[in-house]
Colleague: 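Before I ask anything, here is the structure I am working with.
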Amino acid sequence: MDKNGFERHCRFMDAALEQAEKAGRAGEVPVGAVVTDMDGEIIGSGFNRCIQLSDPTAHAEILAIREAARHVKNYRLLNAALYVTNEPCIMCMGAVIHARIALVVYGAKDPGWGAAGSVYDFAADCRLNHAPEIIAGIRENRCREIMVNFFAERRKKQP
């Protein structure tokens with residue numbers, strides 16, 4: 001990856017981190033996501049809102065993908081990129097594949113639920129009709145830190 005590509009990925013991951021911070025302040029698991037178009041414009045953003053919306057599908061990625069699809073008025077997000085602070089789960093990777101998102105960039109691995117290389121590797125499954133490119137580890141330490149701190153604070157508040 002060249003310097004410009006790395007800087008671009010860091011800039012959009014920073015936007016996803018801002019979304020994750022919103023989730024944490026709302027008492028949600030702090031995951032944030034943004035979707036960009038091929039011109040580098042953010043066309044969708046979201047943060048986890050499962051508790052707030054009483055919706056198990058209200059993951060950051062799903063909400064960002066929905067907003068991006070409304071923006072382009074199409075359920076296909078060809079040539080789009082998804083930036084997310086935590087490795088997408090199986091539901092979110094399924095949505096990425098259905099939307100034909102070209103690139104997934106994530107920060108921290110998710111050894112419990114990750115479907116972009118940790119537990120499952122949907123992008124490498126040749127049985128599926130789309131394989132997004134995966135880039136892992138952008139702003140990894142900050143992405144992991146926000147999650148670790150959130151759960152440490154939660155444990156302190158429990159009796």
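On a predicted model such as this, the values are computed, not experimentally measured, just so you know.
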Colleague: Checking Arg127 now: which residues fulfil salt bridge (Lys or Arg N to Asp or Glu O under 4.0 Å) with it, not counting sequence neighbours?
Modeller: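 Scan of Arg127 (salt bridge (Lys or Arg N to Asp or Glu O under 4.0 Å), adjacent residues dropped) gives Asp125.
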Colleague: Could you walk me through whether Ser45 and Val34 pass the side-chain contact (heavy atoms from CB on, under 4.5 Å) test, one step at a time?
Modeller: CA-CA 4 Å; Ser45 62; Val34 297; 3.9 Å; yes
Colleague: Side chains of Ile146 and Thr85, heavy atoms from C-beta outward: is any pair under 4.5 Å?
Modeller: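 They are not in side-chain contact.
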Colleague: Tell me whether Val119 shares a hydrophobic cluster with Ile90, the cluster being built from Ile, Leu, Val, Met, Phe, Trp, Tyr side chains joined at under 4.5 Å.
Modeller: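 They do share one cluster, since a chain of ILVMFWY contacts under 4.5 Å joins Val119 to Ile90.
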Colleague: Could you go through Val29 and Met147, starting from their C-alpha distance and side-chain angles, then the distance that decides it, and tell me whether this counts as side-chain contact (heavy atoms from CB on, under 4.5 Å)?
Modeller: CA-CA 7 Å; Val29 174; Met147 191 73 76; 3.6 Å; yes
Colleague: Ile134, Leu78: one ILVMFWY side-chain cluster at the under-4.5 Å cut-off?
Modeller: no
Colleague: Considering only residues two or more places apart or on different chains, which pairs with a residue in residues 59-71 satisfy salt bridge (charged side-chain N to carboxylate O under 4.0 Å, His left out)?
Modeller: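 Counting only pairs at least two positions apart or across chains, no salt bridge (charged side-chain N to carboxylate O under 4.0 Å, His left out) contact touches residues 59-71.
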Colleague: List in chain and number order the residues that pass salt bridge (Lys or Arg N to Asp or Glu O under 4.0 Å) with Lys156, two or more places apart in sequence or in another chain; answer none if no residue qualifies.
Modeller: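 Listed in chain order: Glu153.
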Colleague: Scan the side chains in residues 93-117 for donor-acceptor partners under 3.5 Å anywhere in the protein, sequence neighbours excluded, and list what turns up.
Modeller:
{"residue": "Arg100", "atom": "NH1", "partner": "Ile97", "partner atom": "O", "Å": "3.2"}
{"residue": "Arg100", "atom": "NH1", "partner": "His98", "partner atom": "O", "Å": "3.0"}
{"residue": "Tyr106", "atom": "OH", "partner": "Lys109", "partner atom": "NZ", "Å": "3.3"}
{"residue": "Asp110", "atom": "OD1", "partner": "Gly112", "partner atom": "N", "Å": "3.1"}
{"residue": "Asp110", "atom": "OD1", "partner": "Trp113", "partner atom": "N", "Å": "3.1"}
{"residue": "Asp110", "atom": "OD2", "partner": "Asn86", "partner atom": "ND2", "Å": "3.2"}

Colleague: Enumerate the ring pair (Phe, Tyr, Trp, His ring centres under 6.0 Å) contacts for residues 25-82, please, sequence neighbours excluded, ordered by first and then second residue.
Modeller: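 Qualifying pairs: none.
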Colleague: Which donor-acceptor pairs under 3.5 Å do side chains of residues 35-43 form with protein atoms, sequence neighbours excluded?
Modeller:
{"residue": "Asp37", "atom": "OD1", "partner": "Asp39", "partner atom": "N", "Å": "2.9"}
{"residue": "Asp37", "atom": "OD1", "partner": "Gly40", "partner atom": "N", "Å": "3.1"}
{"residue": "Asp37", "atom": "OD1", "partner": "Glu41", "partner atom": "N", "Å": "2.9"}

Colleague: What pairs with Glu133 under salt bridge (Lys or Arg N to Asp or Glu O under 4.0 Å), at least two apart in sequence or on another chain?
Modeller: none
Colleague: For Ile62, which fellow cluster members are found when Ile, Leu, Val, Met, Phe, Trp and Tyr are connected by side-chain heavy-atom distances below 4.5 angstrom, either directly or through intermediates?
Modeller: Met91
Colleague: With sequence neighbours excluded, tell me which residues meet side-chain hydrogen bond (donor to acceptor under 3.5 Å, both in side chains) with Arg8.
Modeller: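 Arg8 satisfies side-chain hydrogen bond (donor to acceptor under 3.5 Å, both in side chains) with no residue once adjacent residues are dropped.
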Colleague: Same cluster or not: Ile138 versus Tyr83, using hydrophobic residues (I, L, V, M, F, W, Y) connected whenever any side-chain heavy atoms lie under 4.5 Å apart?
Modeller: yes
Colleague: Pairs in or reaching into residues 125-159: which pass ring pair (Phe, Tyr, Trp, His ring centres under 6.0 Å), with residues at least two apart or in two chains?
Modeller: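 Qualifying pairs, neighbours excluded: none.
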Colleague: Would you say Val31 and Ile135 are hydrophobically clustered, going by side-chain heavy atoms of ILVMFWY under 4.5 Å?
Modeller: no
Colleague: Kindly write out the residues that satisfy salt bridge (Lys or Arg N to Asp or Glu O under 4.0 Å) with Lys3, not counting sequence neighbours, or none if the list is empty.
Modeller: Glu7
Colleague: Restricting to non-hydrogen atoms, name the atom on Ala131 and the atom on Ala123 that form the minimum distance, rounded to 0.1 Å.
Modeller: CB-O, 3.3 Å
Colleague: Shortest non-hydrogen contact from Gly46 to Ala64?
Modeller: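 Taking Gly46 first and Ala64 second, the nearest heavy atoms are N-CB, 3.8 Å.
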Colleague: To the nearest 0.5 Å, what is the distance between CD1 (Ile51) and CD (Glu28)?
Modeller: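 Separation between the atoms: 4.0 Å.
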Colleague: Side chains of residues 10-22: which donor-acceptor pairs under 3.5 Å do they make with residues two or more places apart or in other chains?
Modeller:
{"residue": "Asp14", "atom": "OD1", "partner": "Arg139", "partner atom": "NE", "Å": "2.7"}
{"residue": "Asp14", "atom": "OD2", "partner": "Arg139", "partner atom": "NH2", "Å": "3.1"}
{"residue": "Glu21", "atom": "OE2", "partner": "Arg142", "partner atom": "NH2", "Å": "3.0"}

